[in-house]
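What follows is a set of notes on a single structure, which appears directly below.
Letters A, B, ... are given to chains in the order of the sequence lines, protein chains preceding strands, and every chain is numbered from 1. What you see is a predicted model, and the numbers here were worked out from it, not measured in a lab.
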Amino acid sequence: MTRRDGDNPGARVRFAPSPTGRLHLGSARTALFNWLVARGSGGDMILRLEDTDRERSSAEFERDIMDSMLWMGLDWDEGPDVGGEHGPYRQSERMDIYSGYARRLLEEDRAYRCYCTPEELKERKNAAVGEGRAWRYDRKCLGLTDEERARLTAEGRPYAIRFRVPEGEVTVNDMLRGEVKVNASEIDDFIILRSDGRAGFHLAVVVDDITMEVTHVIRGDDHLTNAVRHVLIFRALGAAPPMFLHHSLLMGPDGAKLSKRHGATSVSDYREMGYLPQALINYLALLSWSPGDDREIFTPGELVEEFSIEGVSAGKAIFDMDKLNWLNRQHMKMLSDSELTDLVIDHLDRSLARDKMEIAVASVRNGMETLADIASQPLDIYVRPAGELSDKAAGELVKSPDIEEALDLLISTLEKHPSNGMATAERIVDDLRREAAERGWKAKTVLWPFRLAVTGSTVGPDLTYLILFWGPGGCADRVRATKRTLEERDE
RNA sequence: GGCGCAUUCGUCUAGCCUGGUCCAGGACGCCGCCCUCUCAAGGCGGUAACAGGGGUUCAAAUCCCCUAUGCGCUACCA
């Protein structure tokens with residue numbers, strides 16, 4: 001197996017969501033890519049909460065993010081709950097670290113105090129835009145003299161700290177997109193420390209990535225331009241930038257960024273809708289990634305084994321529910337009857353014995369695309385009293401050709417097979433076909449009444465499962481009960 | 001507006017780096033057929049794409065340039 005940069009042994013990666021909402025599918029995809037690289041390289045996965053926006057962050061969302069990740073099997077080696085040597089792992093708890101770095105940049109003249117108020121800024125910006133000029137911070141406070149600065153400080157005016165963007169070209173080395181070059185003059189002097197002393201996003205990210213010894217930054221394409229600012233800070237701090245990988249964003253069917261108006265967007269939504277975590281992961285991985293051949297179905301373990309950064313494509317990724325559904329079905333097929341039963345047991349009739357439950361589940365499983373589909377399966381037939389018929393079933397029975405003889409044939413054939421099992425069940429159905437043929441009947445003449453008489457319903461699973469569930473004798477009894485019901489109706 | 005990224009069937013993609021084996025392969029969806037006691041599932045087949053224009057070359061989906069379109073960034077949000 002060849003190793004490439006992205007698969008360096010010991011890659012330290014981080015997933016850094018801000019807990020301002022439930023774990024979004026797009027974020028989950030980012031987390032997945034990070035996790036695959038960490039696990040595939042024997043490295044470390046770091047979970048870092050970017051909760052500097054105190055108003056929008058909440059503990060509830062933190063919980064949802066971690067629960068969702070764990071549900072998907074995306075675990076981490078360092079994080080707010082498990083700790084680690086590079087903590088704390090909540091940015092809100094790292095504020096003094098950031099201000100220390102900000103002060104250092106200030107002392108080294110790579111940053112400067114800015115006393116402009118948001119109102120003044122807005123005013124100047126509007127003026128510029130009004131004249132059709134592109135607005136970029138005008139560096140008003142960069143030109144302040146020491147006296148002016150002293151006066152402003154004496155007045156008690158709050159100040160923010162801005163990064164002084166140097167001149168020259170900046171290169172972001174991206175594993176997916178190659179060398180992205182941007183002229184620093186395109187970037188304005190952004191704020192690294194707010195006037196209330198809290199770090200801005202850019203400073204916090206870079207300081208964290210340095211101090212947490214992150215080797216690979218894998219995140220969404222929306223950060224590609226931000227990476228230019230980050231490289232600038234890395235340089236100013238004398239640190240080597242990590243490897244970057246900016247993957248495409250997850251879009252909705254209309255090509256716009258996947259959002260609430262497209263319907264369900266959070267991992268927990270999909271969990272509730274009955275999707276299997278391994279199917280979700282498989283699907284998310286397949287969006288943008290291909291093993292290079294025609295394989296599409298992967299277990300989480302296979303994904304870790306097969307995933308490689310060079311198999312990731314740079315283009316857009318549109319979420320397609322149809323394909324997710326198909327994959328979910330494929331992954332459900334890999335489950336045993338017993339495993340599947342465990343997953344849907346809450347929807348099953350408690351009066352059923354475990355072995356009966358498994359037969360019932362086995363009989364309807366191919367009608368399911370998600371676990372939630374269990375609710376719409378015709379399981380009621382298994383708890384319906386013998387001889388009870390739906391109106392539709394009764395109607396079908398009455399108009400069925402040679403019905404009397406057919407029902408008797410059913411009973412006699414069933415009773416020829418005292419033992420139970422799938423092989424017996426299949427044999428019984430074969431016998432019925434043969435008997436029907438010998439009488440010059442279509443198979444339907446006897447098989448259709450079989451279903452109707454045994455289940456009292458026109459819809460239900462394959463006949464073999466009915467035999468398996470009630471046994472040949474039990475089925476014969478139910479046919480008899482139906483005969484009685486029909487006779488009573490005649491009277 | 002400026003800057004950046006992207007562009008192969010409706011969707012996800014293989015192929016592109018190392019031009020010819022590609023009148024472009026696979027999958028989902030869709031359509032049809034088969035199977036069939038119901039509903040499905042399954043099997044088989046079909047539909048459908050190199051964004052446009054210029055180059056380079058004997059030869060371009062593959063290399064270069066331009067245009068178009070989409071997305072992103074351009075906050076004391078992250």
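Side-chain contact check for A/T30 and A/H247: at least one donor-acceptor pair (N or O, by modelled atom type) lies under 3.5 Å. Checking A/H246 against A/D174 by side-chain atom types alone, a donor-acceptor pair falls below 3.5 Å.
A/T225 contributes no side-chain N or O that forms a donor-acceptor pair with the base of B/C3 under 3.5 Å. Judged by distance alone with a 3.5 Å cut-off, a donor-acceptor contact links the side chain of A/N366 to the base of B/A40. Side chain A/N226 to base B/A78: a donor-acceptor pair is found below 3.5 Å.
Of the side-chain N and O atoms in A/S195, none sit less than 4.0 angstrom from OP1 or OP2 of B/C76. Phosphate proximity of B/C12 to A/K316: present, with a side-chain N or O under 4.0 Å from OP1 or OP2. Between B/C28 and A/W326, a contact under 4.0 Å exists linking OP1 or OP2 to a side-chain N or O.
With ring centers used as reference points, A/F33 lies 6.0 Å or more from A/H216. Ring centers of A/W289 and A/F298: under 6.0 Å apart, within the cut-off.
Comparing the same atom, C1', in B/U69 and in B/U57 gives a spacing of 29 Å after rounding to whole Å. Separation of the C1' atoms belonging to B/C28 and B/U47 is 14 Å when rounded to the nearest angstrom. Taking atom P in both B/A24 and B/C50, the straight-line distance is 10 Å, to the nearest Å. Using P as the reference atom, B/C9 and B/A51 are 7 Å apart when rounded to the nearest Å. Using P as the reference atom, B/G19 and B/G26 are 25 Å apart when rounded to the nearest Å. A distance of about 11 Å separates the C1' atoms of B/G20 and B/U62, rounded to the whole Å. To the nearest whole angstrom, the two P atoms, one in B/U11 and one in B/G54, are 26 Å apart. Taking the P atoms as reference points, B/G4 lies 45 Å from B/C31, given to the whole Å.
Within the 4.0 angstrom heavy-atom criterion, base atoms lie near A/E296. Among the heavy atoms of the strands lying under 4.0 Å from A/L463 is at least one base atom, whether or not backbone atoms are also near. Residue A/F201 is classed as a base contact, given a heavy-atom separation below 4.0 Å to a base. Counting non-hydrogen atoms under 4.0 angstrom, A/I191 reaches a base of the nucleic acid.
Annotation: of the two residues near RNA chain B, A/R194 and A/A317, the 5′-most nearest-nucleotide partner is A/A317. Along RNA chain B, the nucleotide nearest to A/L324 and the one nearest to A/L249 differ in position, and the one closer to the 5' end is contacted by A/L324.
Note: CG (A/L176) to P (B/C71) measures 20 Å, nearest angstrom. For the pair A/F450 CZ and B/U38 C1', the interatomic distance rounds to 13 Å; values are reported in whole Å. Per the geometry, NE2 belonging to A/H262 stands 11 Å off P belonging to B/C71, to the nearest Å. Between the P atom of B/U11 and the CG atom of A/D254 lies a distance of 12 Å, rounded to the nearest Å. Whole-Å rounding puts the A/N328 CG to B/A41 C1' distance at 15 Å. Atom P of nucleotide B/A6 and atom NE2 of A/H246 are separated by 13 Å, given to the nearest angstrom. Rounded to whole Å, atom P of B/C35 lies 12 Å from atom CZ of A/R433. Regarding A/W441, its CH2 atom lies at a distance of 14 Å from the C1' atom of B/C37, rounded to whole Å.
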N/O-N/O pairs, protein side and nucleotides 63-68 of chain B side, under 3.5 Å:
none

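Distances from the side chain of A/R177 to the nucleotides B/U38, B/G26, B/C5 place B/C5 closest. Candidate nucleotides B/G2, B/A78, B/G4 were compared by shortest atom distance to the side chain of A/R136, and B/G2 ranks first.
Salt bridge annotation for A/R434-A/D431: present, with a cationic side-chain nitrogen under 4.0 angstrom from a carboxylate oxygen.
Qualifying side-chain contact (heavy atoms from CB on, under 4.5 Å) partners for A/D293, counting only residues two or more places apart in sequence or in other chains: A/P291, A/R295.
Judged by a 6.0 Å distance limit and a 45° cone about the ring axis, A/R478 is positioned over the six-membered ring of A/W470. By the 6.0 Å and 45° rule, A/R439 stacks over the aromatic ring of A/W441.
For the ring-ring contact (aromatic ring centres under 6.0 Å, His included) test with A/F163, the passing option among A/Y112, A/Y137, A/F190, A/Y101 is A/F190; the others fail.
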